[in-house]
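Residue numbering restarts at 1 for every chain, and letters A, B, ... go by the order of the sequence lines. This is a predicted model, so every value here is computed, not measured.
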Number of protein chains: 2
Amino acid sequence: MFKIGELADLCNISADTLRFYEKNGLFQASKRSGAGYRLYTQADKNRLEFILTSKSVGFSLKEIADLLSINLDKSNRTCGDAKQLVDDKLAQVKEKLAELERLESSLQSLSDACCGGSESALHCTILEALATPKKPH
Amino acid sequence: MFKIGELADLCNISADTLRFYEKNGLFQASKRSGAGYRLYTQADKNRLEFILTSKSVGFSLKEIADLLSINLDKSNRTCGDAKQLVDDKLAQVKEKLAELERLESSLQSLSDACCGGSESALHCTILEALATPKKPH
DNA sequence: ATTGACCTTAGATCTTAGTCTAGGGTTTAT
DNA sequence: ATAAACCCTAGACTAAGATCTAAGGTCAAT
Ligand SMILES: [Zn+2]
Ligand SMILES: [Zn+2]
Ligand SMILES: [Zn+2]
Ligand SMILES: [Zn+2]
């Protein structure tokens, strides 16, 4: 059994984060000691690793709760259920990517057009471009 | 002169947002009416358009404040000053892009490996992969 | 003269994922 | 037996960019 600080160290997160996950219903210690200390089992640690791996591929805590509920009830849930969550997330990520690519290209154009020199910015193409209203897309 | 609602409509934002920008030092009405109503000039509108265009290429409000201060004092600032802000932002955007591309590829692998069918999720490769601790990169 | 649309302020609330503090109890080692 | 290191709770605070609410004042038209 691990105390909260031990588990936190093992998983490279803080004890505060573990308490936060608990408060948000993601993750509870299996037991408490006589003094009220949280005591985590290996199974608890596995569940936490599931959470952290999910986080590392971009899922929010709310989405991770959904993944966990599928994982907890595997035999009554389908591959389709799991894949749906992944595909929804993938779609979100692609959307953000597209937006960031748009920003990247706008910024690159701004940067390319400006000499970046040390003369005054009176005719700076960046400032001129930013002062020009853009039609909404 | 525009009242706050008029300017907001013209620029497709809310009056609340204009008050919020004011509170954050980005943007103030040139005048107030006898009753205390904000009154905006065409120059105010130009400044707002600068803000909104900057926002649309990804600058935060804090960064926009920097851009505005360069724009307001053009003759004492340099192209290099302006370009620096753009290049810093570009670097940030590229960083986020790289992270999102990493997420995209992880999610795509998860999705590709799962049949997505309607049988039980007992052997779902997605759930298996998420249960496998990842070494930190 | 009263309705409705508009404006004012200060302050609360939202989202996300925590971090930090205060005030106190427990365990371990010296 | 006492200090260090750990744990507990509840609740406040952070960033960012708004949005919403309450309570009230103003303006145009009927
Ligand atoms: Zn130049
Ligand atoms: Zn320039
Ligand atoms: Zn399957
Ligand atoms: Zn599957």
Side-chain angles (χ1 to χ4, degrees), chain A residues 1-40 44 48 50-68 88-89 92-93 95-96 99-100 103, chain B residues 1-40 44 48 50-68 88-89 92-93 95-96 99-100 103:
Chain A
M1 307 283 275
F2 313 104
K3 281 189 290 182
I4 197 168
E6 290 164 357
L7 182 58
D9 284 351
L10 284 173
C11 295
N12 280 303
I13 58 179
S14 77
D16 270 337
T17 298
L18 287 179
R19 292 191 200 99
F20 174 78
Y21 287 173
E22 179 177 310
K23 201 170 58 183
N24 284 273
L26 280 184
F27 179 59
Q28 271 198 244
S30 294
K31 298 198 175 163
R32 291 286 183 126
S33 76
Y37 286 20
R38 290 166 181 83
L39 296 174
Y40 299 95
D44 292 337
L48 177 57
F50 185 101
I51 291 171
L52 296 177
T53 306
S54 300
K55 227 168 75 69
S56 78
V57 298
F59 286 106
S60 71
L61 300 187
K62 208 167 281 183
E63 290 158 349
I64 292 172
D66 294 339
L67 286 167
L68 283 167
D88 287 354
K89 191 75 211 174
Q92 278 174 38
V93 167
E95 224 174 282
K96 277 195 209 164
E99 169 69 359
L100 280 179
L103 298 186
Chain B
M1 307 284 272
F2 313 105
K3 281 189 290 182
I4 197 169
E6 290 164 356
L7 182 58
D9 284 352
L10 283 173
C11 295
N12 280 303
I13 58 178
S14 77
D16 270 337
T17 298
L18 287 179
R19 291 192 199 97
F20 173 77
Y21 287 173
E22 179 177 310
K23 202 169 57 183
N24 284 273
L26 281 185
F27 178 61
Q28 270 198 246
S30 294
K31 298 197 173 164
R32 291 287 183 125
S33 76
Y37 287 19
R38 290 166 181 83
L39 296 175
Y40 299 94
D44 292 337
L48 178 57
F50 185 100
I51 292 170
L52 296 177
T53 305
S54 301
K55 226 168 77 67
S56 79
V57 299
F59 286 106
S60 72
L61 300 188
K62 209 165 282 184
E63 290 158 348
I64 292 172
D66 294 339
L67 285 168
L68 283 167
D88 287 354
K89 192 75 212 174
Q92 278 175 38
V93 166
E95 221 175 285
K96 277 195 209 163
E99 169 69 0
L100 280 177
L103 298 186

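- Whole-Å rounding puts the B/L39 CG to C/dC6 P distance at 16 Å.
- The 12-atom threshold is exceeded at CD of A/E22, counting heavy atoms of other residues, nucleotides or ligands nearer than 6.0 Å.
- Side-chain contact between B/K96 and A/K96 is absent, with no heavy-atom pair separated by less than 4.5 Å.
- Phosphate contact (OP1/OP2 of D/dG17, side-chain N/O of B/Y21, threshold under 4.0 Å): absent.
- At a threshold of 4.5 Å between non-hydrogen side-chain atoms, the residues A/Y40 and A/F27 count as touching.
- A straight line from CZ of B/F27 to P of D/dG17 spans 17 Å, rounded to a whole angstrom.
- Toward the 5′ end of DNA chain D lies the nearest nucleotide of A/I4, the other residue of the pair A/K23 and A/I4 mapping further downstream.
- As a whole-Å value, the separation of A/Q92 CD from C/dT16 P is 11 Å.
- Residue B/K55 places at least one side-chain N or O under 4.0 Å from the OP1 or OP2 atom of D/dA18.
- Protein atom CD of A/E6 is 10 Å distant from nucleotide atom C1' of D/dC6, rounded to whole Å.
- The side chain of B/A35 lies closest to D/dC27 when the candidates are D/dC27, D/dC8, C/dT8.
- Phosphate proximity of D/dT9 to A/R38: present, with a side-chain N or O under 4.0 Å from OP1 or OP2.
- Nearest nucleotide to the A/Y37 side chain, out of D/dC6, C/dC20, C/dA17: D/dC6.
- With contacts defined as side-chain heavy-atom distances shorter than 4.5 Å, the pair A/I13/A/L48 qualifies.
- In terms of phosphate contacts, A/K3 brings no side-chain nitrogen or oxygen within less than 4.0 Å of OP1 or OP2 of D/dC6.
- Between A/R19 and D/dC8 there is a side-chain N or O to OP1 or OP2 distance below 4.0 Å.
- Which of C/dT9, C/dG18, C/dC7 sits closest to the side chain of A/F20 comes down to C/dG18.
- In this structure, the nucleotide among D/dA18, D/dC8, C/dT8 sitting nearest to the side chain of A/R32 is D/dC8.
- Following rounding to the nearest Å, B/E22 (CD) and D/dT19 (C1') show an atom-to-atom distance of 17 Å.
- Whole-Å rounding puts the A/I64 CD1 to C/dT16 P distance at 12 Å.
- Whole-Å rounding puts the B/N24 CG to D/dA15 C1' distance at 12 Å.
- B/R32 places a side-chain heavy atom less than 4.5 Å from the side chain of B/R38.
- Of the candidates D/dA18, D/dC20, C/dG18, C/dG18 carries the atom nearest the A/T17 side chain, counting heavy atoms from C-beta on.
- Between the NZ atom of A/K62 and the C1' atom of C/dG18 there is a distance of 15 Å, rounded to whole Å.
- Considering only side-chain N and O atoms, B/S33 lies nowhere under 4.0 angstrom from the phosphate OP1 or OP2 of D/dT26.
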